[in-house]
Amino acid sequence: MSREDLRTLGAEPVTDDVRRAVAGMSAISQPFADNVRLNPAQQKVLVAFDDGTIVVADSDRHSPLVASAVRYCEGKRGAPAEVVHLPLRTVERIQAVLLGDTRDETSAGTTGEERLWASILNFAAGLRAADVLVRAESTGAEVHVTVDGFRQPAPFDFPVVDAVRMCGVLYQMSSGRGEFDAKVSQRSSLTKERLSALGVDRRITSARLQFNPAPSGVNVFIRLADQRSFEGISFDGYRLPMRTATVLADQRACDAGVITLCGPPGAGKTTLQALQLMTQQRETDGTRTILLLEDTLEITEVPGVYVVPVPYRDSEERDKQLDLALEEVLRSAAQTLCVGEVRSVTAARMMFRGAQTGVQVITTVHALSALGSVARYARMGVAESDVFDPTINRGAVGQRLLPRLCQNCRVPLRAALSAAEKGTPLPGDRDVARFEMARERWTGGIAAAARIGGGGDDQLADARAWSDRIYLRGEGCEACKGHTTAGASTRARGATGRQPVVEAVLFDEDLLAALARGDRRTARARAIDACGLVPMIAHGARLALEGRVSPEDVETSIGRFGDQAGLAGEL
């Protein structure tokens, strides 16, 4: 046996070839699995041998568990380990031979398509991806995963016709109603039990599926609910300005009225909503009755939240079911009502109607800023008497998620400035002209933004020059490569997770009156001076001065430093 023998095994090796390849090898997979607490799904994609050979499924080549296996094997042997990547089916066949189970594949409980979907989902789970996109193009189908806000290619590809068939299999595996039709939009979900039966990482508690027709096939979007999202989660990691933390606490204390969490898709609104609820439960010793309309993935994991299922197939049915569910909720003496997302005027009116009965309503909406939620509701068609009444529309929160800089490979701004002065290439091959324009904005602009809303003293009190405290994203290193796939763009590298940037405001009559007459400047000034608003641009500037985020990412997601429109977002 040699490692080369393992590498010659194909995607569907016969049992005798596998036996010859592993002859004389002794597996240490189980002691390793016990040592690092691998679950059964993870154990299926990796085999560790006592000679330092580690066989890993291609689908999990970027999983953090590979590095753990290498450390474990090298620690036991005192010598380097070597990783061999093989197709998932080959790894499964090796494990079957080692266990003495050489039954034919047809006796397995899953089909080839189901195993491929499990491989894709396990690959995403290994990277802690938020979602998976399978996109059918004219030349083939591609798989992408979203990790830390960046969509990255995954090592799976197949013909379009296979992608359409696979999507049909996925639909039938899920809770989808009726037959799969690639020519119409359809939605469904995978439960924790179904995912477990497929061998998917048990930490993925559910998956929400959206199937959309494409010119040459079909696209499927899979939103994953990962129980690790709440591991150690607290407001400590948010690094909130004191005024923002105070406003969030005041919002939690509101007995009635609508509190809206705003941001574009993928901004972390629902996670913040869940964190607010968790904190509220601790502050009230779990005595508050919280009802959740819809099975919103993240919030179902919050202790003390009761779910009111709202089954629906389309927007029209959703509105009808939400309306019926509200009647039940109002008869149940609930104190807090959660609505996963407001997508239509019917849902918005229903929510405001509930708030008028003395219920606290916490929801999310796609708006670019906290103040922008007011105009969003007005454009939806909610009655102005409700939208501009601070006893009903109590407050809002805006949020973005920025890449958190890898502390190992982040690039000091000073080094980039020095390169620009010398005329040498900038780190990461940045464009010289764009960098010079950014430098002009940042000089004085970052410090000025940090002062908006009061505070920022800790960051500004540092005696070092501002350019010595700010860092840019690097090109990636060993410490952060577990957050990217092999084909990820440079823009997706140099980060280790995401950093929330938050603004919060409690509405009052003067602020809402200014918004009602379209006076955004006065409304913004009132929000900052009297209603607790520290704009996201200010929070982002403070985080940049702490070296946690890059000013480039702040400007990309929130607005340019010194740009008045960026101080409050689009209204």
Side-chain angles (χ1 to χ4, degrees), residues 124 127-132 145-152 204-206 208 221-241 244-245 247-248 251-252 259-280 292 294 296-302 305 338-343 362-370 372-373 376 395-405 483 492 495-505 534-540 542-544 548-550 553-554 556-559 569:
L127 287 169
R128 299 185 69 162
D131 56 62
V132 178
V145 294
T146 301
V147 183
D148 293 341
F150 294 101
R151 186 156 286 165
Q152 309 171 27
I204 303 301
T205 56
S206 60
R208 190 164 57 214
F221 178 82
I222 308 172
R223 179 70 180 272
L224 302 176
D226 191 330
Q227 70 182 30
R228 291 170 292 181
S229 299
F230 291 113
E231 289 179 359
I233 188 172
S234 72
F235 279 118
D236 292 340
Y238 277 61
R239 303 286 298 176
L240 295 173
T244 302
V247 173
L248 289 174
Q251 290 179 351
R252 293 193 297 270
I259 303 294
T260 307
L261 283 71
C262 312
K269 301 182 297 295
T270 307
T271 300
L272 178 58
Q273 185 180 19
L275 181 55
Q276 279 282 75
L277 292 173
M278 292 167 65
T279 306
Q280 186 181 57
L292 168 65
E294 291 189 283
T296 304
L297 301 180
E298 295 89 340
I299 300 178
T300 56
E301 300 295 322
V302 177
V305 172
C338 289
V339 181
E341 181 184 329
V342 176
R343 307 172 195 168
I362 303 177
T363 189
T364 69
V365 70
H366 288 159
L368 295 183
S369 68
S373 66
R376 184 84 167 87
V397 181
Q399 176 166 304
R400 298 289 190 280
L401 292 176
L402 304 187
R404 184 185 296 114
L405 292 178
H483 293 258
T496 55
R498 293 196 283 177
Q499 173 65 49
V501 180
V502 181
E503 65 182 18
V505 61
V534 178
M536 284 185 283
I537 194 75
H539 189 198
R542 298 177 194 185
L543 292 169
R548 294 176 178 272
V549 302
S550 166
D553 292 322
V554 175
T556 297
S557 296
I558 300 172

If only atom types and distance count, is the side chain of T260 paired as donor or acceptor with the main-chain N or O of A396 below 3.5 Å?
no
Partner set under side-chain hydrogen bond (donor to acceptor under 3.5 Å, both in side chains) for T364, not counting sequence neighbours:
none
Under 3.5 Å, side chain of E503 to main-chain N/O of M536, donor-acceptor pair present?
yes
Counting distance only, does the side-chain N/O of Q499 pair as donor-acceptor with the main-chain N or O of G237 below 3.5 Å?
yes
Quick one: does any side-chain atom of K269 pair with a main-chain N or O of P264 as donor and acceptor, under 3.5 Å?
yes
For V549 and G540, the nearest pair of non-hydrogen atoms, with its separation, is CG2-O, 3.9 Å
Start with the C-alpha distance between V501 and V554, add both sets of side-chain angles, then the distance that settles side chain to side chain contact (heavy atoms under 4.5 Å, CB included), and finish with yes or no.
CA-CA 9 Å; V501 180; V554 175; over 6 Å; no
As an exercise, state the distance from OG of S206 to CZ of R223, rounded to the nearest 0.5 Å.
10.0 Å
Quick check for you: to the nearest 0.5 Å, what is the distance between R128 atom CZ and D148 atom CG?
9.5 Å
Write down the atom of G372, the atom of S369, and the distance for their closest heavy-atom approach.
N-OG, 3.0 Å
Could you tell me whether a side-chain N or O of T146 sits under 3.5 Å from a main-chain N or O of A130, the two making a donor and an acceptor?
no
Taking the side chain as every heavy atom from C-beta outward, state whether I259 and Q276 have any pair of such atoms under 4.5 Å apart.
no
Name all residues meeting the salt bridge (Lys or Arg N to Asp or Glu O under 4.0 Å) criterion together with R498; count only those two or more places apart in sequence or in a different chain, and write none if there are none.
none
Out of the candidates L272, L402, L401, L275, only one should pair with P500 under the side-chain contact (heavy atoms from CB on, under 4.5 Å) rule; please name it.
L401
Distance in Å, I558 CD1 paired with Q399 CD, rounded so as to fall on 0.5 Å steps
10.0 Å
Looking only at atom types and distance, does a side-chain atom of R400 sit under 3.5 Å from a main-chain N or O of A267, one as donor and one as acceptor?
no
Flag the pair D131 and R208 as a salt bridge only when some basic side-chain nitrogen lies within less than 4.0 angstrom of an acidic carboxylate oxygen.
no
Using the side chain to side chain contact (heavy atoms under 4.5 Å, CB included) rule, take R542 and R548 through it: C-alpha gap first, then chi angles, then the decisive distance, then the call.
CA-CA 9 Å; R542 298 177 194 185; R548 294 176 178 272; over 6 Å; no
If you look at every heavy atom in V132 and V145, which pair is closest and at what distance?
CG2-CG1, 4.2 Å
Drop me the distance from L277's CG to I362's CD1, to the nearest 0.5 angstrom.
5.0 Å
L543 CG to R239 CZ distance, which is reported to the nearest 0.5 Å
7.5 Å
Heavy-atom pair with the smallest gap, counting every atom of V147 and A129:
CG2-CB, 3.9 Å
With side chains defined as the heavy atoms from C-beta onward, is the minimum distance between H539 and T244 less than 4.5 Å?
no
